[in-house]
Amino acid sequence: MSAVNRAPAPTVQQKTELPSEAYRQAVDQADLAISITDPKANILFANEAFTRVTGYAADEIIGQNEAVLSNHTTPDELYRTMWGELSSQRPWSGKLLNRKKDGDLYLAELTISPVVDSTGKTTHFLGMHRDVTEMHRLERVVRNQKHLIESVVDAAPMAFALLDRNGRLVLDNQEYKKLVSDLHLKEPAHTLLDSLLPAWARTLAETPEKCSFTNREARIDRAAGRPRWLSVSASLIDMHSDCADSYFCAEGQPGLLLAIADISSLREEQERARAAALQAVLADEERTAAIREGLSAAIFRLEEPMNVMASAASVLQRRDPASAGVLTQALAASREHMEALRQVIPQSPQEIVVSINLNEILRDVLEICTPRLLAAGIVVDWQPAATLPAILGRPLQLRMLFKALVDNAIEAMNIKGWKRRELSLTSAVDHDCIIVSVLDSGPGIPPDWRHKAFEPFFTAKNGSGRHIGTGLSRAQQVVADHGGIIDLEESPSGGCAAIVEFRLDGDPI
């Protein structure tokens with residue numbers, strides 16, 4: 001059996017003791033000002049750095065009390081605290097205002113440690129200090145600049161919000177805090193970015209340079225109170241991390257600074273002027289639609305007996321050709337007149353498809369319908385989504401659509417003796433769709449009538465009052481033209497609920 005080769009055992013190094021002179025040289029040549037005193041603070045030793053800081057040479061300072069360095073303006077309480085700690089044989093650290101040999105003042109950052117012998121008695125004090133006057137000055141400059149910047153930012157008439165790369169709020173001002181309170185939003189910056197820059201969080205993390213924009217307007221609708229219009233600009237700010245592991249990393253982390261200006265007053269003035277013009281346009285369109293529907297109804301009603309007469313003429317042709325010929329001529333003349341009448345029916349306005357915020361459409365409808373709502377004593381519960389994605393559509397047609405639904409709700413509740421008169425109008429985003437609900441507290445529509453309500457010329461009013469049957473037919477056509485759907489359901493109060501749904505991408509549902 002072969003022998004196993006073994007590595008030689010390591011030898012134990014002998015302990016090398018450091019000469020006492022090396023300790024003295026290390027202390028004397030240290031860059032930190034070091035002094036050793038007796039228990040009464042009389043200086044027994046001072047190194048070269050002590051001389052550079054204080055201006056006192058070793059032979060000038062040894063034998064002097066440490067108090068010779070004091071400017072005598074340091075609060076007495078600080079000295080009492082210091083001696084209390086040292087008397088308890090605990091080290092003390094703090095800052096003292098000292099005076100150099102030439103009379104210049106300097107701020108000393110001082111650490112004093114008691115030196116205790118084997119019997120537990122304090123024999124000396126070891127003091128280490130450095131001149132931190134320049135550091136103190138720079139700290140004050142930075143603090144003053146920070147305070148100045150914060151004061152200017154807080155006094156600014158617009159809101160500021162700084163987000164880090166992860167979308168966390170790291171800086172804001174008083175105007176931004178007011179937005180949080182007024183809009184009842186946890187983070188208005190996120191809501192605005194969701195509206196103006198979809199998928200902003202991923203973009204900020206991956207390609208932050210694409211997050212910059214200038215003066216984009218966002219509308220925030222509130223359940224109670226007027227809507228707010230805000231002009232938002234976003235700029236990239238180079239931010240440096242304060243973590244230790246970023247010390248050697250020169251690359252900064254981008255932050256997104258939002259400047260948010262409230263332009264509600266300006267937009268409200270514009271909206272008032274626009275609403276007045278819009279009301280006139282809608283009124284004119286309603287009159288034109290009434291003429292169009294009246295003529296269409298007349299032609300529709302006339303065609304039925306004329307078809308009967310045409311059948312009768314065919315039967316009469318075999319029995320009395322002469323009379324049949326007269327009747328046929330009369331029918332032909334009548335059809336010519338009906339065609340002429342059809343030619344004068346006003347055409348629906350041709351609108352350009354544009355980007356639309358449905359909250360603005362609904363707000364316009366409520367503004368226009370306000371006089372009728374007040375006259376009927378109807379309480380309106382307006383619950384819009386804070387922000388809605390834009391969709392493509394025809395603004396006038398959509399206003400006519402929702403005005404027809406609101407008008408029908410008013411008619412349903414405006415019954416003599418009907419006590420509960422409440423109209424609820426809501427908008428919401430559900431997955432890839434925008435859903436608008438118009439709910440009333442009227443008597444409702446029987447289930448077997450709901451599918452008939454969208455038929456032309458249908459009305460549940462038995463001829464009394466203003467005819468509104470064709471309104472829902474026209475509304476259904478507008479919804480279909482925009483690729484949406486409309487349903488009539490029972491509202492929670494027992495009335496009618498008209499639910500309109502549009503896809504965000506515009507594809508038919």
Side-chain angles (χ1 to χ4, degrees), residues 179 183 185 187-204 210-223 226-234 258 260-264 266-268 270-271 274-275 277-278 281-282 349-368 382-403 405-406 425-438 475 478-486 499-509:
L179 276 182
L183 301 179
L185 296 173
E187 208 61 83
H190 292 175
T191 302
L192 291 170
L193 287 172
D194 287 340
S195 173
L196 299 174
L197 194 67
W200 64 270
R202 185 176 61 192
T203 304
L204 181 59
K210 295 182 179 180
C211 289
S212 296
F213 56 82
T214 304
N215 295 332
R216 291 189 185 177
E217 289 188 16
R219 172 180 172 138
I220 305 294
D221 286 278
R222 299 178 291 173
R226 307 292 295 179
R228 296 282 291 273
W229 281 273
L230 303 171
S231 176
V232 185
S233 296
L258 299 183
I260 307 165
D262 191 331
I263 56 172
S264 298
L266 174 63
R267 288 300 303 270
E268 283 177 358
Q270 296 172 344
E271 286 298 305
R274 190 181 65 84
L278 179 61
V281 170
L282 283 178
Q350 298 299 316
E351 283 192 277
I352 299 175
V353 175
V354 296
S355 181
I356 294 172
N357 185 322
L358 279 181
N359 274 345
E360 294 183 12
I361 299 292
L362 296 172
R363 174 70 72 172
D364 289 342
V365 170
L366 285 178
E367 290 281 352
I368 293 168
W382 168 227
Q383 296 286 344
T387 59
L388 279 183
I391 64 170
L392 296 177
R394 297 174 173 84
L396 183 59
Q397 289 190 26
L398 289 171
R399 290 186 182 98
M400 294 292 292
L401 155 67
F402 291 111
K403 186 174 184 300
L405 297 180
V406 172
L425 188 59
T426 66
S427 64
V429 178
D430 186 8
H431 295 92
D432 295 328
C433 295
I434 294 178
I435 300 175
V436 177
S437 303
V438 182
V478 172
V479 173
D481 290 343
H482 288 78
I485 57 173
I486 180 171
I499 312 298
V500 181
E501 189 172 346
F502 298 110
R503 283 181 59 91
L504 293 175
D505 56 15
D507 289 342
I509 295 178

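Start at 1 with the first residue, then count along the sequence.
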Are Phe402 and Asp364 packed together at the side-chain level, in the sense that at least one heavy-atom pair is separated by less than 4.5 angstrom? no
Let me confirm one number: the CZ-CZ distance from Arg399 to Arg363, rounded to the nearest 0.5 Å. 13.5 Å
Quick check against the 3.5 Å criterion: does Asn359 have a side-chain atom that pairs as donor or acceptor with the backbone of Ala385? yes
Side chain to side chain contact (heavy atoms under 4.5 Å, CB included) assessment of Ile486 paired with Leu405: CA-CA 11 Å; Ile486 180 171; Leu405 297 180; 4.0 Å; yes
Checking Arg216 side chain against Leu196 main chain: does a donor-acceptor pair fall under 3.5 Å? yes
Measure across Ser233 and Asn215 and return the closest heavy-atom pair with its distance rounded to 0.1 Å. OG-N, 2.9 Å
Distance in Å, Leu183 CG paired with Ile220 CD1, rounded so as to fall on 0.5 Å steps: 6.0 Å
Looking at every non-hydrogen atom in both residues, tell me the closest pair between Leu258 and Ala234 and how far apart they are. CD2-CB, 3.5 Å
Partner set under side chain to side chain donor-acceptor pair (under 3.5 Å) for Asn357, not counting sequence neighbours: none
Any side-chain heavy-atom pair from Thr191 and Thr387 closer than 4.5 angstrom? yes
Donor-acceptor pair, side chain of Ser437 and main chain of Ile499, under 3.5 angstrom: no
Side-chain heavy atoms of Ile352 within contact of Arg394, under 4.5 Å: no
Under 3.5 Å: donor-acceptor pair, side chain of Ser264, backbone of Trp229: yes
Contact summary for Ile485 and Val479, nearest pair of heavy atoms: N-CG1, 3.3 Å
List the steps, then state whether side chain to side chain contact (heavy atoms under 4.5 Å, CB included) holds for Ser231 with Ile263. CA-CA 7 Å; Ser231 176; Ile263 56 172; 4.1 Å; yes
Are side-chain heavy atoms of Phe213 and Val232 found at a separation under 4.5 Å? yes
On a heavy-atom basis, the closest approach of Pro395 and Ile356 is N-CD1, 3.6 Å
What heavy-atom pair brings Glu501 and Cys433 nearest, and what distance separates the two atoms? OE2-SG, 3.5 Å
At their closest point, which heavy atom of Pro389 faces which heavy atom of Ile434, and how far apart are they? O-CD1, 3.5 Å
Pairwise side-chain contact, Arg228 with Leu179, heavy-atom cut-off 4.5 Å (strictly under): yes
Can you classify the ring geometry of His190 versus Trp200 as parallel (below 30°), tilted (30 to 60°) or perpendicular (above 60°)? tilted
4.5 Å side-chain heavy-atom contact, Ser427 and Leu362: yes
